[in-house]
A.B. asks: 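So that we are looking at the same thing, I have put the structure below in structure tokens.
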2 protein chains.
Amino acid sequence: MGVEARNRVRRGSGRPTLADVANLAGVGTITVSRALREPERVSVDLRQRINAAIDKLGYVLNPNARALASARADVIGVLVPSLTNNVFAEVLRGIHDGLGDTALQIQFGNTHYSTQEEERLLPVFLSQHPSALIVSGIDQTPATRRLLDEAGCPVVQIMEVGGDPVDMMVGFSHFEGGRTVTQHLIDVGCRRIGFIGARMDPRSLRRLSGYRAAMEQAGLFDAGLVTTTATPSSVSLGCELFRRARESAPDLDAVFCNNDDLAMGVLFACQRAGIAVPQRVCIAGFNDLDMMAVACPSITSVLTPRYEIGRRAITMAQDAIAGERPLEAVVDLGFELKIRESTDRPRC
Amino acid sequence: MGVEARNRVRRGSGRPTLADVANLAGVGTITVSRALREPERVSVDLRQRINAAIDKLGYVLNPNARALASARADVIGVLVPSLTNNVFAEVLRGIHDGLGDTALQIQFGNTHYSTQEEERLLPVFLSQHPSALIVSGIDQTPATRRLLDEAGCPVVQIMEVGGDPVDMMVGFSHFEGGRTVTQHLIDVGCRRIGFIGARMDPRSLRRLSGYRAAMEQAGLFDAGLVTTTATPSSVSLGCELFRRARESAPDLDAVFCNNDDLAMGVLFACQRAGIAVPQRVCIAGFNDLDMMAVACPSITSVLTPRYEIGRRAITMAQDAIAGERPLEAVVDLGFELKIRESTDRPRC
DNA sequence: TTGTACGCGTTATCAA
DNA sequence: TTGATAACGCGTACAA
């Protein structure tokens, strides 16, 4: 049977390919490929003809074919525990901004604060051979940890510093953050300082540890001052938890909230109950959302570098992809205590 | 030269492939492929041997190879204008939840409220041959519109209804939302009702149109009552815009805010300035974030179905991928006016 | 600087 | 129900 007789069936998408461009430009496919990736290595003449052909055909490179051939996708996988939490939304914004105009794509995964879900998600991400991986926190399961160790690509852990880094790390100490706020409340004369926390993910727990350390050192710790729940944080939950806290400790003279949503809720609850802030109860939050500075009264909080964490993480990842290892594999971006009206109390 | 003498070089990632599984199980590669995609069509016996081999090898399918061979990626592209805006974070949460346990992946793109960026991003998404596309709004550029028309996959436009649908649509009428709130303020006796808006994306503009329609119908419209800015919305910006609004209209007796962040800021500004809410100024927001119900006073707002929009969009997309066209290509999910203390004023 | 031949890992086609 | 073979579109190795 002659070749012509064999009814070859093409299965393609019908869109132009590298070969089509090469034909039109009268060059080899590899030259087109090179013109796309390393233009300097192709003569100006050919480059122009190739670009003209690309424009004429409306050619777009097929990333799947590239990933398959090069055993590496131009994708950076990002695993975060939440999308609705403003903190991670800001991290993602930082990542996007830090990305610049590179051809890299970001692929998000939402672990919903579950290490199990993270363990389930990671192989899916890995199966695409990402160029780098950004994961949240330092509390991975052993299986996840092993996958990360063998990922074969740069890995950046974000949000915290500490533990045993898989590779690189950007964050700050939540323990120190919690300790610092609590110490501030002690310094302004508060004695019955409550801790209100929601979700209680690993980072919340470390902020609680910081609170406890400061309280114990001052001889003020009392388990009855701690009110927590696994429920996701919200402003309304802050109201609710404050009521609960006042039940177990009616003499509360300050509250350190796990995050700003809760702090906002506590302020509203105080306003409704006619509790003067800061005269009768001081309030402090965590993260320093925009609204803390304009609330009435304005609320003391800890400014955390979440946007900067995203930017740094993506920069470190890109550098590592380019083969440039950072001088410091672990970057502590710190935090800043913002003292405001809600803790402005003349020291006793 | 004998075949053995040809020093074939394997370039792969080193990870097990479909062929490895086939060898171990003693079957052809295509049978393994089938066992993965359509298990019913493979005999129970072979299926078991294949699954055992997969487990033993720790085989994971290569999505790039699959996408290349089938000219279709198991990916749904999602284009949203913002990640930090709670509204879109909720939409994404709905999308994730609606996804269930399918093998589909979500690929996000952030257009930063720019139709230009959307036009730049879309070809990148299209180049992966996504199974479906979800895009925000109905105000695409002509070029974007053309690409969507020729995308060759289901397309869902979200957030709004109206205009000329590319394919499917889920949302609600922002015009009606704006009109309804404004009418409520008129109904409770307000006359000098200001509009405060930030960002002023197409949906904000349509809410403004709704405001204007209601005001004009009541013979109350006055351009001096409208205060807008292109700056992204925030609580602190709400404070600022309220001050500006009071300068051009000192007799303001109500404010309809573009969204809840601004409304919150207006409330704080009132508290600082000693302006009684709702006695001297009524406040209404848009979206009904959690905090509106617990603020002090609680704030009237329009509950928008953003989470449900995400869920519905992904469901419609999945159905369309499966070949089931929805009965209604355009779904209006409506909204709900939540009347609260901030507009609780005895009618004059 | 440019091209040829082939491999990447999977799926579609068609035959058995 | 199962399999051999070609095809998907691009990158790598090596030669020219």
Side-chain angles (χ1 to χ4, degrees), chain A residues 1 3 5-23 25-50 54 57 59-74 103 126-129 131, chain B residues 1 3 6-23 25-50 54 57 59-74 103 126-129:
Chain A
M1 204 192 293
V3 173
R6 295 203 55 177
N7 192 13
R8 303 258 175 157
V9 187
R10 294 192 65 86
R11 302 181 306 173
S13 58
R15 301 203 337 203
T17 72
L18 207 62
D20 296 330
V21 175
N23 276 338
V27 301
T29 59
I30 186 61
T31 305
V32 178
S33 178
R34 268 199 285 260
L36 255 28
R37 288 172 299 139
E38 319 167 271
E40 329 72 65
R41 296 191 40 180
V42 174
S43 65
V44 181
D45 175 37
L46 288 189
R47 221 187 301 169
Q48 286 180 336
R49 270 160 55 197
I50 290 171
I54 288 176
L57 260 33
Y59 168 76
V60 182
L61 185 128
N62 183 326
N64 294 121
R66 163 175 286 185
L68 182 58
S70 64
R72 171 108 320 182
D74 290 336
L126 250 17
S127 71
Q128 309 183 45
H129 302 282
S131 295
Chain B
M1 203 192 298
V3 172
R6 297 203 52 177
N7 193 12
R8 303 254 173 164
V9 187
R10 291 191 68 85
R11 303 178 306 171
S13 59
R15 302 206 335 207
T17 72
L18 207 63
D20 296 328
V21 176
N23 276 339
V27 300
T29 58
I30 189 63
T31 306
V32 179
S33 178
R34 268 198 285 259
L36 255 27
R37 288 172 300 141
E38 319 167 272
E40 331 71 69
R41 297 191 39 180
V42 174
S43 65
V44 181
D45 174 39
L46 286 190
R47 222 187 300 168
Q48 286 180 338
R49 271 159 53 196
I50 289 171
I54 287 176
L57 259 34
Y59 168 76
V60 182
L61 184 125
N62 183 326
N64 293 121
R66 164 174 287 189
L68 181 58
S70 64
R72 170 108 317 180
D74 290 335
L126 251 16
S127 71
Q128 308 183 45
H129 302 283

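By convention in this document, chain letters (A, B, ...) are assigned in the order of the sequence lines, proteins followed by strands, and residues within each chain are numbered from 1. Note that the structure is a prediction, hence the values are computed from the model and not measured. These numbers come from the heavy atoms of this one structure, side chains and all, not from hydrogens, waters or symmetry mates.
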A.B. asks: Using atom NE2 of His129(A) as one end and atom P of dC10(D) as the other, report the distance to the nearest whole Å.
C.D. replies: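 Roughly 18 Å, once rounded to whole Å.
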
A.B. asks: Expressed as a whole number of angstroms, how long is the span from Arg15(A):CZ to dA7(D):C1'?
C.D. replies: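 In whole Å, dA7(D) C1' and Arg15(A) CZ are 17 Å from each other.
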
A.B. asks: Can you list the residues that meet the side chain to side chain contact (heavy atoms under 4.5 Å, CB included) rule with Ala103(A), with sequence neighbours excluded?
C.D. replies: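 Expected list: none.
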
A.B. asks: More 5' along DNA chain C: Ser70(A) or Val42(A), using each one's nearest nucleotide?
C.D. replies: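 Nearest-nucleotide comparison on DNA chain C picks Val42(A).
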
A.B. asks: Grab the OH-C1' distance between Tyr59(B) and dG9(C) for me, whole Å please.
C.D. replies: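 Going from Tyr59(B) (OH) to dG9(C) (C1'), I get 7 Å.
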
A.B. asks: Check whether any side-chain N or O of Arg47(A) sits under 3.5 Å from a backbone N or O of Pro39(A) as a donor-acceptor pair, and report yes or no.
C.D. replies: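 Yes; judged by distance alone, with no hydrogens or angles, the pair exists.
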
A.B. asks: Check whether any side-chain nitrogen or oxygen of Thr29(B) sits under 4.0 Å from OP1 or OP2 of dG3(D), and answer yes or no.
C.D. replies: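 False: Thr29(B) side-chain N/O out of range (4.0 Å or more) of dG3(D) OP1/OP2.
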
A.B. asks: Does anything in residues 31-40 of chain B reach DNA chain C, meaning a heavy atom under 4.0 Å, and if so which residues?
C.D. replies: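 Those residues are Ser33(B), Arg37(B).
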
A.B. asks: Between Ala65(B) and Val27(B), which is nearer to the 5' end of DNA chain D once each is assigned its nearest nucleotide?
C.D. replies: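 Residue closer to the 5' terminus by nearest nucleotide: Val27(B).
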
A.B. asks: Distance check needed: dG9(C) P versus Arg66(A) CZ, whole Å only.
C.D. replies: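 That distance rounds to 18 Å.
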
A.B. asks: Just jot down the side chain to side chain donor-acceptor pair (under 3.5 Å) partners of Ser131(A), sequence neighbours excluded, or say none.
C.D. replies: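 None.
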
A.B. asks: Name the closest nucleotide to the Ile30(A) side chain, picking from dG11(D), dT12(D), dT10(C).
C.D. replies: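 Closest nucleotide to the Ile30(A) side chain: dT12(D).
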
A.B. asks: May I have the distance from Asp20(A) (atom CG) to dC8(D) (atom C1'), rounded to whole angstrom?
C.D. replies: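 It works out to 13 Å between those atoms.
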
A.B. asks: Please name all residues satisfying side chain to side chain donor-acceptor pair (under 3.5 Å) with Ser33(B), sequence neighbours left out, ordered by chain then number.
C.D. replies: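 Partners of Ser33(B) under the side chain to side chain donor-acceptor pair (under 3.5 Å) test: Arg37(B).
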
A.B. asks: Return the set of residues passing side chain to side chain contact (heavy atoms under 4.5 Å, CB included) with Leu126(A) (not counting sequence neighbours), or none when no residue passes.
C.D. replies: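 Here the qualifying residues are Leu122(A), Pro130(A), Leu133(A), Leu147(A), Ala151(A).
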
A.B. asks: Among the nucleotides dT13(C), dT10(C), dG9(D), which one has an atom lying closest to any side-chain atom of Ala69(B)?
C.D. replies: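 Minimum distance to the Ala69(B) side chain belongs to dT10(C).
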
A.B. asks: For a side chain to side chain contact (heavy atoms under 4.5 Å, CB included) with Arg34(B), tell me which candidate from Leu36(B), Val32(B), Ile30(B) qualifies.
C.D. replies: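 For Arg34(B), the side chain to side chain contact (heavy atoms under 4.5 Å, CB included) check succeeds only for Ile30(B).
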
A.B. asks: Take the protein atom CZ of Arg72(A) and the nucleotide atom C1' of dG9(C), then report the distance between them rounded to whole Å.
C.D. replies: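 Distance check: Arg72(A) CZ to dG9(C) C1' gives 16 Å.
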
A.B. asks: Rounded to the nearest Å, what distance is computed from the CG atom of residue Asn64(A) to the P atom of nucleotide dC10(D)?
C.D. replies: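 After rounding, the gap between these two atoms is 10 Å.
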
A.B. asks: Measure from CG on Leu18(B) to P on dG9(C) and round the result to the nearest Å.
C.D. replies: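 Rounding to the nearest Å, CG of Leu18(B) and P of dG9(C) are 11 Å apart.
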
A.B. asks: Taking only residues two or more places apart in sequence or in another chain, which ones pass side chain to side chain contact (heavy atoms under 4.5 Å, CB included) with Glu40(B)?
C.D. replies: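 In terms of side chain to side chain contact (heavy atoms under 4.5 Å, CB included), with neighbours along the sequence ignored, Glu40(B) is linked to Glu38(B).
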
A.B. asks: Of the candidate nucleotides dT2(D), dG11(D), dG9(C), which contains the atom at the shortest distance from the side chain of Asn62(B)?
C.D. replies: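 The listed nucleotide nearest to Asn62(B)'s side chain is dG9(C).
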
